[in-house]
2 protein chains.
Amino acid sequence: MTQTLSARPLSTADSQKLGFSNLRCRECGAEYEPVAKHVCELCFGPLEVAYDYDWLKRTVTRQSIQQGPHSIWRYRPFLPVTSERPIDVGTGMTPLVKAERLGRRLGLKNLYIKNDAVNMPTLSFKDRVVSVALTRAKELGFTTVSCASTGNLANSTAAIAAHAGLECTIFIPADLEAGKVLGSLIYNPTVMAVEGNYDQVNRLCSEVADRYGWGFVNINLRPYYSEGSKTLAYEVAEQLGWQLPDQVVIPLASGSQYTKIYKGFQEFVKVGLVADKPVTFNGAQAEGCSPIAQAFREGRDFVTPVKPNTIAKSIAIGNPADGIYALDIARKTGGQIQAATDPEIVAGIKLLAETEGIFTETAGGTTIAVLKQLAESGQIDPEAVTVAYITGNGLKTQEAIQPHVGHPLLISPKIESFEQALERARTLERLDWQEVSV
Amino acid sequence: MTQTLSARPLSTADSQKLGFSNLRCRECGAEYEPVAKHVCELCFGPLEVAYDYDWLKRTVTRQSIQQGPHSIWRYRPFLPVTSERPIDVGTGMTPLVKAERLGRRLGLKNLYIKNDAVNMPTLSFKDRVVSVALTRAKELGFTTVSCASTGNLANSTAAIAAHAGLECTIFIPADLEAGKVLGSLIYNPTVMAVEGNYDQVNRLCSEVADRYGWGFVNINLRPYYSEGSKTLAYEVAEQLGWQLPDQVVIPLASGSQYTKIYKGFQEFVKVGLVADKPVTFNGAQAEGCSPIAQAFREGRDFVTPVKPNTIAKSIAIGNPADGIYALDIARKTGGQIQAATDPEIVAGIKLLAETEGIFTETAGGTTIAVLKQLAESGQIDPEAVTVAYITGNGLKTQEAIQPHVGHPLLISPKIESFEQALERARTLERLDWQEVSV
């Protein structure tokens with residue numbers, strides 16, 4: 001399913017046969033060849049992939065997409081790769097679940113869950129961005145790929161590199177939980193545990209990228225990597241029967257995913273795959289690391305870095321690179337960016353599990369908690385089509401939820417013992433119910 | 001996505017519009033109405049669902065299947081349900097991965113992995129059987145569903161019952177690992193931890209089923225439940241471009257899945273969806289619980305129960321209900337049933353992860369270990385299309401693999417420290433290589 005292409009940069013001839021052309025600075029508009037580069041040399045702005053939307057409009061149809069693979073690669077023309085055979089391990093096309101039971105609890109009539117807790121192969125949305133980044137890495141001739149990460153990204157990079165036969169080195173903070181380290185070590189990459197904070201890890205990685213010419217998915221390959229998140233928009237539009245939702249709720253870490261889902265919807269409108277309509281973009285952060293929510297609340301158009309302190313570690317980025325772009329989107333679409341406390345996050349995880357059978361990690365609990373706030377305060381329309389993005393699996397953050405799920409009822413293997421326990425359980429339920437009803 | 005139907009038993013008129021008709025005793029052929037019943041009243045043989053294959057042949061086409069949902073329910077006419085809207089949480093249609101890198105290691109040119117480690121919603125093949133059982137449970141009017149389980153089945157029943165809004169009680173042995181209990185508790189079922197061995201738990205459950213009229217997925221609903229495994233055959237045939245593989249390797253617990261995959265291939269041949277051809281059925285057990293492999297080795301047509309002692313707990317059934325049927329299939333298709341030791345199982349998990357980026361649980365490690373044995377001993381054809389079934393996710397049995405994955409290299413956040421560690425890692429790799437070469 002994979003193939004190595006030569007490392008030459010993309011020529012103009014190639015780009016005519018593809019949706020994407022160059023890298024373009026988001027701030028000053030300067031253009032660059034599509035190589036491994038993420039910062040503008042002129043203004044230090046972030047580089048983004050540019051596309052030929054006229055070509056896409058002429059070439060891509062709903063039918064051509066539907067005839068593609070059941071993975072993110074059905075949207076290949078909208079992704080920054082040249083390969084006819086990208087690295088495809090079934091990533092994407094996760095279920096869009098009509099959440100009838102959660103909707104009833106929250107008073108929302110048209111609620112959907114985009115469930116990336118079951119994304120392939122490593123059960124988080126990171127598999128989307130890594131599939132794109134590593135496909136591009138092979139095209140650019142990299143033989144060693146790498147990342148700096150505390151969890152999901154490391155798991156995904158190690159797994160997909162293993163499948164693709166790329167050498168892989170992972171950089172993690174030295175104090176990471178054993179379970180998360182296992183989720184990377186199992187794929188047999190080289191794992192470097194760095195004694196330092198995340199900023200120090202990142203600086204070291206930039207130096208290694210320069211000196212060794214490795215492809216770091218979230219550093220020098222970042223422009224390609226981040227485009228992978230657009231598939232979260234495309235899939236929702238297709239799964240809703242080729243239309244946009246009315247409102248979305250998305251967790252915010254760096255803000256990248258949020259801005260790319262916005263870009264994805266815009267692109268589908270631009271090339272005529274869906275009708276234009278307003279989509280309200282709501283964002284969710286953990287109270288213990290909520291620099292974007294704070295800026296939103298205070299009406300600022302800049303983000304003040306914070307020191308993270310929350311159970312939602314996978315979204316705990318104190319200095320979010322795309323924070324200002326997220327603020328802009330929330331404001332211009334009429335959305336909210338709100339924060340949830342750790343207890344609200346735990347309650348959000350439990351609520352989603354017991355109503356929909358979906359076990360998400362803390363980031364997903366944050367999304368559900370903010371969705372609940374928005375529903376209860378009347379800040380979202382209860383009749384409108386609402387999509388909440390669940391981005392990772394609860395098996396990865398077991399320690400956050402373990403103390404809050406209660407215990408089994410201990411019985412002996414006799415029917416009398418079972419009946420006593422059942423009576424006890426039913427009494428407890430009635431008590432719970434009274435508490436709720438009061 | 002779900003719907004409750006009335007509880008009346010299926011009438012003859014209904015069955016004419018469906019693939020399935022009655023329950024039939026596998027031993028004496030006695031027929032029963034399709035209610036919640038699993039044992040023949042006449043001979044105590046197991047009941048199986050019977051189908052009208054002439055009707056299926058006239059009605060189902062490759063195209064009608066392809067136009068169905070991207071889940072097990074695209075094969076609804078082959079499943080024992082009447083509902084137009086079964087419980088569909090995206091279960092099934094997991095990737096069939098062409099395993100180029102693992103194939104090269106084992107000398108197999110056409111190796112595929114059927115990857116149910118990413119099945120939805122709870123990351124094991126049990127989601128298939130539970131989706132079918134709970135859909136049927138609703139049709140039969142059950143409002144409370146249940147199961148006796150030590151892990152995957154409990155997780156799946158609790159999750160899908162939550163989504164479908166069914167009351168759920170889970171019975172587990174009292175000494176279960178905390179992580180596995182969490183994977184059920186999170187969905188908020190009633191969990192009964194029984195102080196006794198698995199046989200005692202099962203006997204208690206049979207008594208509860210009789211007295212309370214609950215639907216136990218693996219007891220009184222077993223004939224419907226077990227049919228769900230047939231989708232593992234249908235999907236592979238469809239994903240191979242509507243043809244059967246030449247040889248398969250399947251883990252054996254009760255033997256049910258193995259016999260149902262066989263049934264699934266036979267059915268597709270019978271109704272003309274694929275061409276007939278011989279498929280060799282190989283089975284994998286853990287040495288510490290290998291009653292079927294022992295019977296196979298000794299040429300017996302009966303299975304002597306054993307006391308399980310292996311890390312592969314999810315397949316550790318000492319007295320396998322379908323063992324004799326599995327033996328029969330292995331022998332008549334020219335397959336092998338072999339066992340892997342615990343160290344071989346661990347090595348199998350690591351081999352699959354580092355070559356294909358797929359992290360499986362101990363059952364999957366068993367399959368890969370036996371696949372390796374078969375490849376190395378020349379008992380399978382290296383040119384033939386081979387499918388190995390991976391049935392569960394490694395995040396569920398972390399404790400089995402944790403001691404065997406090594407440790408990260410500890411460094412300070414300085415380029416010199418990184419370079420020393422890299423040199424160390426490369427030396428270790430060279431040493432590994434020499435060991436292998438010697």
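Each chain gets a letter, A, B and so on, in the order the sequences are listed, and its residues count up from 1.
Contact annotation for His404(A): neither backbone nor side-chain heavy atoms come within less than 4.5 Å of a heavy atom of chain B. Heavy atoms of Val181(A) lying under 4.5 Å from chain B belong exclusively to its side chain. Contacts of Asn393(A) with chain B are made by side-chain atoms alone, with heavy-atom separations under 4.5 Å and no backbone atom involved. Looking at Lys414(B), only its backbone comes within 4.5 Å of chain A, counting heavy atoms on both sides.
Met192(B) CE to Ser417(A) OG: the interatomic distance, rounded to the nearest 0.5 Å, is 8.5 Å. A distance of 4.5 Å separates CD of Gln402(B) from CG of Leu182(A), quoted to the nearest 0.5 Å. How far NZ of Lys350(B) is from CG of Leu185(A): 9.5 Å, rounded to the nearest 0.5 Å. Atoms OG1 and CZ, from Thr122(B) and Phe359(A) in turn, are 11.5 Å apart once rounded to the nearest 0.5 Å. Annotation: the span from Met93(B) atom CE to His70(A) atom NE2 amounts to 7.5 Å, rounded to 0.5 Å. In this structure, Met120(B) CE and Ile358(A) CD1 are separated by 10.5 Å, a value rounded to the nearest 0.5 Å.
Interface check for chain B: of the options Leu123(A), Asn115(A), Val201(A), the most heavy-atom pairs under 4.5 Å are formed by Leu123(A). Chain A forms the most heavy-atom pairs under 4.5 Å with one residue out of Val191(B), Thr169(B), Ile349(B), Leu352(B), and that residue is Val191(B). For the set Gly165(A), Ala158(A), Ala425(A), the entry with the most heavy-atom pairs within less than 4.5 Å of chain B is Gly165(A). The greatest number of non-hydrogen atom pairs below 4.5 Å with chain B, out of Asn188(A), Leu422(A), Thr190(A), Ile415(A), is found for Ile415(A). If you tally non-hydrogen atom pairs under 4.5 Å between each of Leu102(B), Ile401(B), Ile160(B), Val208(B) and chain A, the highest count goes to Val208(B). Of the residues considered (Leu395(A), Ile186(A), Thr355(A)), Ile186(A) shows the highest number of contacts with chain B, using heavy-atom pairs under 4.5 Å.
Between Tyr212(A) and Phe418(B), the ring-plane angle classifies as perpendicular under the 30° and 60° cut-offs.
Between the side chains of Glu356(A) and Tyr187(B), no donor-acceptor pair is found at a separation under 3.5 Å.
Within 6.0 Å of CD on Glu167(B) lie no more than 12 heavy atoms contributed by other residues, nucleotides or ligands.
Summarising the geometry of Gly357(B) relative to Pro121(A), their closest heavy-atom pair is O-CB, 3.9 Å, with the distance given to 0.1 Å. When every heavy atom of Val89(A) is checked against every heavy atom of Pro95(B), the shortest pair comes out as O-CG, 4.0 Å. When all heavy atoms of Glu419(A) and Arg211(B) are compared, the closest pair comes out as OE2-NH1, 3.3 Å. The two residues Glu354(A) and Ala162(B) come nearest to each other via the heavy atoms O-CB, 3.5 Å. Of all heavy-atom pairs spanning Ala193(A) and Pro408(B), the tightest one is CB-CB, 3.7 Å. Across Pro413(A) and Leu204(B), no two heavy atoms sit closer than the pair CA-CD2, 4.1 Å.
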